[in-house]
Amino acid sequence: MLLRGRARRGREAHAGTGDDPLDAAQERRVRAVLALGGVPQADLPDGVQQVRLRLLERAASGREAPRDVSAWAAVVASNLAMDWHRAKRRQERLGERLAALRQLEHPSGEDTSVLSLAVAQGLDELPDAQRQVVVLRFYADLPVRSIAEQLGVPEGTVKSRLHTAVRALRARLHEDEVV
């Protein structure tokens, strides 16, 4: 199977790493999607493990491996993030979590921090479907076609959601006088 071949190649490239179905770049992408989706830093390892588990379960069930494992994993991570929000009833605002995460990863000037916080708060105000496509498109860097395939919606729907979300974020940034 394709998945086993990728895992085998990954083992050969990284001797001793085991049968991990996600390579390092895919794991970073999954972590980023989870974090941008609002999952707290402490829950990120569990989220990554859930994506691995779903990928392994898919292979074990005999279903064909996803054509693009990285895109598939990003969409699963995005869905996990939405599930987390539903379970936790949005205990904390996404903006506060994202701002804290960005400051830890990339200490920067005050202007960048203000912009990051404003974008995070704008993302928090978007409906789940719009937030999902924005994160997958701009943070996971997936093309519209991959997003549409993975979500099972037409490309036009993805484009429409992106357009509406970007327009709302732009208005929010102008409203807050960030840009």
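- Nearest heavy-atom pair, Leu44 versus Ala35, reported as atom, atom and distance to 0.1 Å: CD2-N, 3.7 Å.
- Once rounded to the nearest 0.5 Å, the distance linking CD of Gln121 with CG of Leu173 reads 10.0 Å.
- Contacts classified as salt bridge (Lys or Arg N to Asp or Glu O under 4.0 Å) and involving residues 159-169 (residues at least two apart or in different chains) are not found.
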query = Checking side chain to side chain donor-acceptor pair (under 3.5 Å) for the pair Gln150/Asp68: CA distance, chi angles, key distance, verdict?
reply = CA-CA 9 Å; Gln150 296 297 324; Asp68 184 347; over 6 Å; no

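- Residues forming a side-chain contact (heavy atoms from CB on, under 4.5 Å) with Ala25 (at least two apart in sequence, or on another chain): Asp23, Arg28.
- In this structure, CG in Leu22 is found 6.0 Å from CG in Leu55, a value given to the nearest 0.5 Å.
- Listed by chain and number, the residues in a side chain to side chain donor-acceptor pair (under 3.5 Å) with Arg52 are Asp20, Glu27, Gln49 (sequence neighbours excluded).
- Under the 3.5 Å distance criterion, the side-chain polar atoms of Thr157 are left unmatched by any main-chain donor or acceptor of Val153.
- Taking a cutoff of 4.0 Å between a charged side-chain nitrogen and a carboxylate oxygen, Arg67 and Glu149 qualify as a salt bridge.
- Closest approach of Arg172 and Gly122 over heavy atoms only: CG-CA, 4.1 Å.
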message = Apply side-chain contact (heavy atoms from CB on, under 4.5 Å) to residues Leu123 and Gln130 and explain how you reach the verdict.
response = CA-CA 9 Å; Leu123 281 171; Gln130 289 178 8; over 6 Å; no

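- Looking at Leu34 and Arg31, their side chains never come closer than 4.5 Å, going by heavy atoms from C-beta outward.
- Interatomic distance, CD of Gln50 versus CG of Asp83, reported as 9.5 Å (0.5 Å rounding).
- At a cut-off of 3.5 Å, with distance as the only test, no side-chain donor of Ser70 or Gln26 sits close to an acceptor on the other residue.
- Legend: residues meeting side chain to side chain donor-acceptor pair (under 3.5 Å) with Arg145, ordered by chain and number and at least two apart, are Glu155.
- Between Val33 and Tyr139 there is no side-chain heavy-atom pair separated by less than 4.5 Å.
- A single hydrophobic cluster is not seen to contain both Leu36 and Met82; linkage of ILVMFWY side chains at heavy-atom distances under 4.5 Å, directly or through other members, places them apart.
- The minimum heavy-atom distance between Pro40 and Trp84, with the atom names listed, is CD-CZ2, 3.1 Å.
- Put simply, the side chain of Val48 does not reach to within 4.5 Å of the side chain of Pro45, judged on heavy atoms.
- Distance CZ/Arg29 to CG/Leu136: 9.0 Å, rounded to 0.5 Å.
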task = Report the C-alpha distance between Val75 and Ile147 in whole Å, list the side-chain angles of each, state the deciding distance to 0.1 Å, and finish with yes or no for side-chain contact (heavy atoms from CB on, under 4.5 Å).
result = CA-CA 8 Å; Val75 170; Ile147 296 169; 5.9 Å; no

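- Take Leu162 and apply the side-chain contact (heavy atoms from CB on, under 4.5 Å) test, not counting sequence neighbours, and it matches Val133, Val134, Arg137, Phe138, Val144, Val158.
- Take Val76 and apply the side-chain contact (heavy atoms from CB on, under 4.5 Å) test, not counting sequence neighbours, and it matches Val51, Arg54, Trp72, Leu80.
- Within the 4.5 Å cutoff, no side-chain heavy atoms of Pro127 are placed close to those of Thr164.
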